[in-house]
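Down below is the structure, laid out as structure tokens.
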Amino acid sequence: MATVSSTPSETLDPLDTTVRLVTPERIAFEYPLAGPFRRAVSYCVDMILITVLMLAAFLASLALTLGSTSGLGPALVAFFVIYQGYGAFCEGVFNGQTLGKHLLGLRVVSDQGVPITGAQAVLRNLVGAVDGLIPFIYLPGLSCMLLTRKFQRLGDLAAGTMVVVEERRRRVGVIRLREPAIEAVLPWLPMRIAAGPELARALSDYVRCRRRFSRSRLEQMAEPLARPLRKRFTLPPKATSDAILCAVYHRVFLGD
Amino acid sequence: MSYERTLVRIRERSFLDVLELALLVVRRRPLPLLVSTVAGVLPFAALNYWLARAGHESAVFWGSIFLPWLEAPLATAALTVMLGGLMFGERPRTWRIVRTVTVSAIPMAFYQVAVRGLLMIIPLLYLVVPARLLFVNEVLLLERGGWLKAGRRSGTLCSGSGVELILHWLGQVFFGIWFVLAFWFGTGAVNSVLFSSDLTWDRPGWSDLAGFRFQLGLWIALAFFTVARFLTYIDQRIRLEGWEIDLRLRSVGKAMEEARAW
């Protein structure tokens, strides 16, 4: 069973909207959490869909009873079933997602980080009725989210669930850099450099964003990483820090 | 200023992420934020209450909503100074907050009352505020920019993301209205159920807008969005000055120099 990590130093760590779960094998996962604002937007989308479904149920009910007032009864039953059942059904069947959550990239998972069961989906939506519009106009849900570490409303606490953001990383292609200063550094480097994930990510982020910054700022930013690289590959001292990072990027991602 | 030990993790964020981070900031440092908010807001809330008591019902409506909106940047100036300190690991002393707010009071009044008040009259022109003048308070109070420099610097911070910032501002208005109404009706319902043994409640009238619950909800929302605006300001600086990449390059460079990772 995964546990929420809670070390004494955690209170001093920089704040972030994530939760860290540690498995019994001591493997740590960091989940980006969805708080009330993201969830409010997905709730609005779901409410629009629920309204459309209710309208359709009302029209169908009227059509089946040929427009008589007796159609109101089945329509009210349908309203109740749709309003109470929509969230539980979607989250139970579609692995923790309603349409609104899918559009916002959110997913309900258990607070251990594993997929929710059908019972959890039903429970969080049933208890969730207290968090909603009636009787206290979202105040219990909002207060509860503010007070819990994982932005859980009452329904989440009852069912042992939380809502996380599914990270959709944009795929960025390899950037080809053709600048004389960079090409002058390339012959000093080996044809291929095997970099670890940290170095590869740092180089990739740097090259992707370097057009946004001035030349002097680039030099300032690149210097701390260019310094050890300069030593390791005995690069010429006149090579700029920016050119060194770009050349190493070239060798890491494009090779020769 | 060092961004290696900060209150929030340095990374580029989306608008909704910034709002949720603001909640975490409020939860981590409730007391200093509450004290600086109350100290700034109380004089303005008292003034509004006094004006509302003297006014007609229609004046109560406009005064209860638009006066706090106009006053908010001045009322939350102390909160902004407090946030600026907490962000970089210090807790500003009272005299420093008072001095900073006093020194910046006249340029703040010029931008936030005169310029903003004029722009408010023409709704379309008011969009200039989120598009160009959003961070005037942060620049005046935290960067100690002069009169002209503050406007220019705020414009620079907003440049390239004007439309995005207008949309963020509209989002804040939407969430703000939602929260204030929820707080107003919700606390009314709680009040009726717990203290009046009454399961229904009266339909509110305009005069209730000057009442304690509505005003409290409004000021909570305005203070919260000040925290959110401060974090948006930090986010803009992270993007424009490359703090996140800078930190990553430093961390990898340090690890390489210590020959731990390669």
Side-chain angles (χ1 to χ4, degrees), chain A residues 11-18 32-41 44 104 133-140 142-143 145-149 151 165 194-203 205-206 208-210 212-213 217-218 220-229 231-232 241 245, chain B residues 3-29 89 160 171 174-175 178-179 181-190 193 199 228 239-259 261-262:
Chain A
T11 50
L12 298 172
D13 285 347
L15 287 170
D16 204 358
T17 48
T18 53
L33 285 169
F37 294 98
R38 280 195 179 96
R39 290 166 71 171
V41 178
C44 288
L104 268 281
L133 184 64
I134 297 167
F136 299 118
I137 333 282
Y138 308 107
L139 273 191
L142 194 60
S143 316
M145 279 196 225
L146 183 61
L147 295 172
T148 52
R149 283 190 55 211
F151 290 132
V165 183
E198 287 295 315
L199 176 63
R201 191 176 169 201
L203 289 170
D205 284 355
Y206 175 78
R208 189 167 44 83
C209 301
R210 67 191 273 274
R212 294 190 338 214
F213 308 109
R217 178 67 183 137
L218 284 177
Q220 199 184 11
M221 283 162 64
E223 178 54 25
L225 182 54
R227 205 183 313 123
L229 289 171
K231 263 188 213 159
R232 183 175 173 87
S241 302
L245 259 56
Chain B
Y3 43 79
E4 281 166 344
R5 284 190 71 81
T6 50
L7 178 65
V8 300
R9 189 183 288 177
I10 298 295
R11 65 178 175 89
E12 294 177 11
R13 292 168 193 276
S14 66
F15 167 59
L16 295 172
D17 202 15
V18 166
L19 293 181
E20 280 159 9
L21 186 69
L23 277 180
L24 293 182
V25 168
V26 172
R27 201 168 65 192
R28 165 85 58 102
R29 299 271 184 230
F174 169 75
F175 284 124
W178 189 345
F179 172 78
L181 292 178
F183 186 85
W184 187 25
F185 287 108
T187 50
V190 171
V193 171
L199 291 175
R239 286 166 197 275
L240 294 174
E241 295 166 22
W243 292 6
E244 185 183 2
I245 299 164
D246 194 349
L247 278 178
R248 185 163 301 139
L249 294 177
R250 277 189 211 194
S251 140
V252 176
K254 196 178 164 198
M256 283 179 69
E257 281 193 313
E258 290 170 4
W262 175 248

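What's counted below: heavy atoms across the whole structure, side chains too, no hydrogens, waters or symmetry copies. Given the structure is predicted, the values throughout are model-derived calculations rather than measurements.
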(request) Compare all side-chain heavy atoms of A:L104 with those of A:V165 and state whether any distance is below 4.5 angstrom. (result) no
Could you look at [X] and say if it's the side chain, the backbone, both or neither that has a heavy atom under 4.5 Å from chain B?
| X | answer |
| --- | --- |
| A:L33 | backbone |
| A:A34 | backbone |
| A:Y206 | both |

Does any heavy atom of chain A fall under 4.5 Å from the side chain of [X], the backbone, both, or neither of them?
| X | answer |
| --- | --- |
| B:S251 | neither |
| B:R13 | side chain |
| B:F15 | neither |
| B:V25 | both |

(request) Output yes when A:R227 and B:E257 qualify as a salt bridge under the 4.0 Å nitrogen-oxygen rule, no when they do not. (result) yes
(request) Before accepting this row, confirm whether a basic side-chain N of the pair B:R11/B:E244 lies closer than 4.0 Å to the acidic partner's carboxylate O. (result) no
(request) Check the surroundings of atom CD in A:E198: do more than 12 heavy atoms from other residues, nucleotides or ligands lie under 6.0 Å from it? (result) no
(message) Which residues pass the salt bridge (Lys or Arg N to Asp or Glu O under 4.0 Å) test with A:R39, not counting sequence neighbours?
(response) A:D156
(request) Determine yes or no for a side-chain-to-main-chain donor-acceptor pair under 3.5 angstrom, with B:R27 supplying the side chain and A:T148 the backbone. (result) yes
(message) For the interface with chain B, which of A:D16, A:L139, A:L203, A:L245 has the highest count of heavy-atom pairs at distances below 4.5 Å?
(response) A:D16
